[in-house]
Amino acid sequence: MALSNSQYAKIMRDYEEKQNAARLLHDERLNEIIKKIPEYKILDDEAIEASMAYARSALLASKEENCVDTTDELREKIGLIARQKALLLEKYGYPGDYLKPVYTCPDCRDTGYIGSEKCHCFKQAIVDLLYSQSNIKEVLKKENFRNFSMDLFSRNDIDPVSNLSSYDLMAESYKKAKEFVRKFPHSHENLFFSGKAGLGKTFLSHCIADELLKRGFTVLYLSAPELFDILRKETLSKKDGDDQSTESGRYVISCDLLIIDDLGSETTTEFTVSELNTCINERLLGGHSTIISSNLDPSQIRDYYGERNFSRIAGLYTFCRFYGTDLRLLKKYNAL
Ligand SMILES: [Zn+2]
């Protein structure tokens, strides 16, 4: 892993802070419960005693063959006390798991590792750090499926190409986005969002990113100029042996979902055409999904990015068309 030592230390420091926060919350809750329910303390002490006895017994059983093995009995006792504790909490109106540690990532208990393997949350932490993705988390608090509304889309605004209303087109795209999330990652599907600025393309890709991040997948969100900038640096660094930029390029290819926003907003050159082709192909070969959003329509993709890119996108991406009035303007008018 070519993270620098200070980057690695930063990630591990964040985990430590998360563990401390979980510990602090647990201690606060335990104090609160012991004050309100004195019987809880008795059960808690019994549980500690039984756990220590269990550890002693297991150690003894492993060393001496002829000793009386009480581990099964003790394990049962520990389980029984745990159930009694949960029932007691519920009796007093608390959830049974009120005193279970609250981890940001229950899979690795905020350690970053499952066994000797890096947890999915560690991989996302690397992506966040390498690509300065931290601001996206703030955006996703607002732009997600829970806040999605069809009210902004008109049934009377008819798209002359598809003959469908702005509302119907969005309803269709919304359905495809939901399907994409539901089948992820097994369907290896890719999406192409096409339409003018301000019609909800970015919002819908944020909705998808939010769902998949919550499910523990690595999601990398880049505008097209950012993507090509990373790939340009990677090409240069390969020549110079700079590990950091090569590492950045690697996640563009290997993250679970790559979202390329606003394709066509960058200056198109021979380099961008060929890099887009490599990026699309390598992600397809790796079975990793990609979402591209663009102001361009498919025929313009052919003009800007050539036949090879066009045929990949036309053949292997699910197409979603966006049409209507700029929602950002609409929101402003409605707020007046
Ligand atoms: Zn984790």
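- Scored by the side chain to side chain contact (heavy atoms under 4.5 Å, CB included) test, K123 finds T218 as partners (sequence neighbours excluded).
- Q124 and D128 are linked by a side-chain donor-acceptor pair at a separation below 3.5 angstrom, with hydrogens and angles left out of the test.
- Residue pairs meeting the ring pair (Phe, Tyr, Trp, His ring centres under 6.0 Å) criterion with at least one partner in residues 274-300, sequence neighbours excluded, do not occur; the list is empty.
- Scanning for side chain to side chain contact (heavy atoms under 4.5 Å, CB included) contacts around S173 gives M170, L204, C320, F322, with sequence neighbours left out.
- Inspection of the T325 and D157 side chains reveals an N or O donor paired with an N or O acceptor under 3.5 Å.
- When only modelled atom types and interatomic distance are considered, S57 and T71 share no side-chain donor-acceptor pair under 3.5 Å.
- Legend: side-chain hydrogen bond (donor to acceptor under 3.5 Å, both in side chains) pairs involving residues 43-53, not counting sequence neighbours, sorted by first then second residue: K41-D45, D44-K85.
- Sequence neighbours left out, the pairs with a member in residues 298-317 that pass salt bridge (charged side-chain N to carboxylate O under 4.0 Å, His left out) are R302-E307.
- By the side chain to side chain contact (heavy atoms under 4.5 Å, CB included) test, E73 is found to be paired with no residue, residues two or more places apart in sequence or in another chain being considered.
- R321 and S162 share no donor-acceptor pair across their side chains, judged by distance under 3.5 Å alone.
- Counting heavy-atom neighbours within 6.0 Å of R109 CZ, excluding the residue itself, gives a total of 12 or less.
- Side-chain N/O atoms of D261 and S293 include a donor and acceptor closer than 3.5 Å.
- Of the N and O atoms on the side chains of S299 and D297, at least one donor lies less than 3.5 Å from an acceptor on the other residue.
- Residues passing the side chain to side chain donor-acceptor pair (under 3.5 Å) test with T269: none are found, sequence neighbours excluded.
- Pairs engaging residues 171-180 under the salt bridge (charged side-chain N to carboxylate O under 4.0 Å, His left out) rule: E179-R182, E179-K183 [sequence neighbours left out].
- The main-chain N or O of I158 is never found under 3.5 Å from a side-chain atom of S165 such that the two would form a donor-acceptor pair.
- Residue pairs meeting the ring pair (Phe, Tyr, Trp, His ring centres under 6.0 Å) criterion with at least one partner in residues 9-45, sequence neighbours excluded, are Y15-F122.
- Side-chain contact check for D159 and N163: no donor-acceptor pair (N or O, by modelled atom type) lies under 3.5 Å.
- Within 6.0 Å of atom CE in M52, 12 or fewer heavy atoms from other residues, nucleotides or ligands are found, so the atom counts as exposed in its surroundings.
- With R215 contributing its side chain and D210 its backbone, the two residues share no donor-acceptor pair below 3.5 Å.
- Legend: side-chain hydrogen bond (donor to acceptor under 3.5 Å, both in side chains) pairs involving residues 187-198, not counting sequence neighbours, sorted by first then second residue: E189-T318.
- Between the side chain of N144 and the backbone N or O of L140, at least one donor-acceptor pair lies under 3.5 Å.
- Sequence neighbours left out, the pairs with a member in residues 73-109 that pass ring pair (Phe, Tyr, Trp, His ring centres under 6.0 Å) are Y94-Y98.
- Legend: residues meeting side chain to side chain contact (heavy atoms under 4.5 Å, CB included) with E266, ordered by chain and number and at least two apart, are A224, P225, F228, L263, T268, T272, Y305.
- Counting heavy-atom neighbours within 6.0 Å of K91 NZ, excluding the residue itself, gives a total of 12 or less.
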